[in-house]
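Each remark here refers to the structure printed beneath this line.
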Amino acid sequence: MTESQNSRALRESADVIVLGAGPAGLVLANLLHAAGIDCVLLERASPTHVRTRARAGFLAPNTGRILDRHGLADGLHRRGTRHGTCEFRTRDGRFRLDYGALGQGGRGGQHHVYPQQYLVADLLTHYLDRGGRIRFHTEALAVGDADGTRPYVTTREPDGRPTRWTARYVAGCDGRHGAARRSLPPGVVRRHHHDHGVTWLGLLAEAPPSLDAVGYAVHDRGFAGHMARTPDITRYYLQWQRGVPADAWPEQRIWDELDVRMRAADHGPLHRGPFQERGIFDLTCDVVEPLRHGSLFLAGDAASLLAPAAAKGANLAVLEAEILAEALTDALTRGDTAGVDGYSDRCLEHIWRAQEFTGWMTRLLHAPPDADEGAGPSFQAALRRSRLASLRTSRVHQEWFAENYVGV
């Protein structure tokens, strides 16, 4: 290869560069490609990793509507299951909420249970089948000149070569530690961060679901959660001591602890099986504000991170991707920049509402740190018990819960 050929090989371009092949990046790339926008998706991982990395599994009604609207919901309708009930287990017994028949003026709303890796695989297949451009094993290192008219992204290619991609716009969908966030100049955004002081051990068990609802167990020894994923796989969560490794307990001890916290002796045994996966989740949240710096936009986990208590992350990511796709399409095809100018404010309204409800759910399910609000643990336990009693008995409270639980 001559020197001039090598120089050309190190430079690439597109109208829109999308960083990260998660739900936000793949929905955005699919919508831009369908609109005839020249875009490329850059992803550091392999295709296999992208298709198989397990994440959340609850898709809200609005997420289903977005996927339907753009012809991206075939897999969801074929393999997803509808879910509209959650069960709370406490020292005062158990109660169920049929949230699918509550809220939203009585119209209700149900989640689809559809593991995120299935959704991502669907979106990736759809994008590739229609000729979408994607570069795997390509690590984005930095975004430059975002405040100019031709921003660029520097990358490391699979063979180690540096490459410089130029664009009109860059969409950072590459997570809180990705190149998009790292490239924001000091002082141009505010970073809001909050630690709820709670840690979960996340477990993926080769075992059928043990109840036909999402299970939230509130116990003096800590929270436990049950979420069906498929007929043969169940996700469990166990409140965990921060700093203790995920493999510190043998499987038998974990199952015994889940039995205690889920009150299996009172409400029926849990179906047991080997754990496919264990992971530690610190329940923290963080938001970048605004979500735009010049020609660089943030979406998905790059824009905000939510504690997993209310399963809002993937749903916000899909919503933000649709909003951003419409805005960029208008800007590139019609010169209409109203959408890109309003993108941050529009998305932040949804993000802060989701943060508020997620915080409420976190306080409902867990004993907070002893020093929280200057009150002792017994006072906080009594407040939590009162909140649960209100949720069990008050129709108004139930309606509010249902609307926020399924809403984005």
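Heavy atoms only: backbone and side chains are in, while hydrogens, waters and symmetry mates are out.
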| request: Give every residue pair that meets the salt bridge (Lys or Arg N to Asp or Glu O under 4.0 Å) criterion with at least one member in residues 204-222, sequence neighbours excluded. | output: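 Residue pairs passing salt bridge (Lys or Arg N to Asp or Glu O under 4.0 Å), neighbours aside: R96-D212, R221-E257.
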
| request: Can you tell me which residue pairs pass the salt bridge (Lys or Arg N to Asp or Glu O under 4.0 Å) test with a partner in residues 164-173, sequence neighbours excluded? | output: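 Found none.
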
Look at the rings of [X] and [Y] and say which category their plane angle falls in: under 30° parallel, 30 to 60° tilted, over 60° perpendicular.
| X | Y | answer |
| --- | --- | --- |
| F88 | F95 | parallel |
| Y118 | Y114 | perpendicular |
| H83 | F58 | tilted |

| message | Among N30, L76, D74, exactly one meets side-chain contact (heavy atoms from CB on, under 4.5 Å) together with L67. Which residue is that? | response |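 In the set N30, L76, D74, the residue that makes a side-chain contact (heavy atoms from CB on, under 4.5 Å) with L67 is L76.
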
| message | Is it the case that the ring center of F281 lies less than 6.0 angstrom away from the ring center of W240? | response |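 No: the rings miss the under 6.0 Å criterion.
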
Decide whether [X] and [Y] meet the rule of one side-chain donor and one side-chain acceptor closer than 3.5 Å.
| X | Y | value |
| --- | --- | --- |
| R392 | T90 | no |
| E87 | T85 | no |
| H111 | Y405 | no |
| N315 | T63 | yes |
| H397 | S390 | yes |
| Q117 | T52 | no |
| H192 | W352 | no |

| message | Applying ring pair (Phe, Tyr, Trp, His ring centres under 6.0 Å) as the test, list every pair that has at least one member in residues 120-163; sequence neighbours left out. | response |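 Qualifying pairs, neighbours excluded: H33-Y127.
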
Could [X] and [Y] be called an ion pair, given the rule that one side-chain N must be under 4.0 Å from one carboxylate O?
| X | Y | answer |
| --- | --- | --- |
| E320 | R292 | no |
| R353 | E349 | no |
| E251 | R253 | no |
| D341 | R346 | no |
| D286 | R176 | yes |
| E289 | R191 | no |
| D145 | R150 | no |
| D174 | R181 | no |
| D259 | R272 | yes |

| task | Return yes when atom CZ of R156 has more than 12 non-hydrogen atoms of other residues, nucleotides or ligands closer than 6.0 Å, and no otherwise. | result |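 It does not: R156 CZ has 12 such atoms or fewer within range.
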
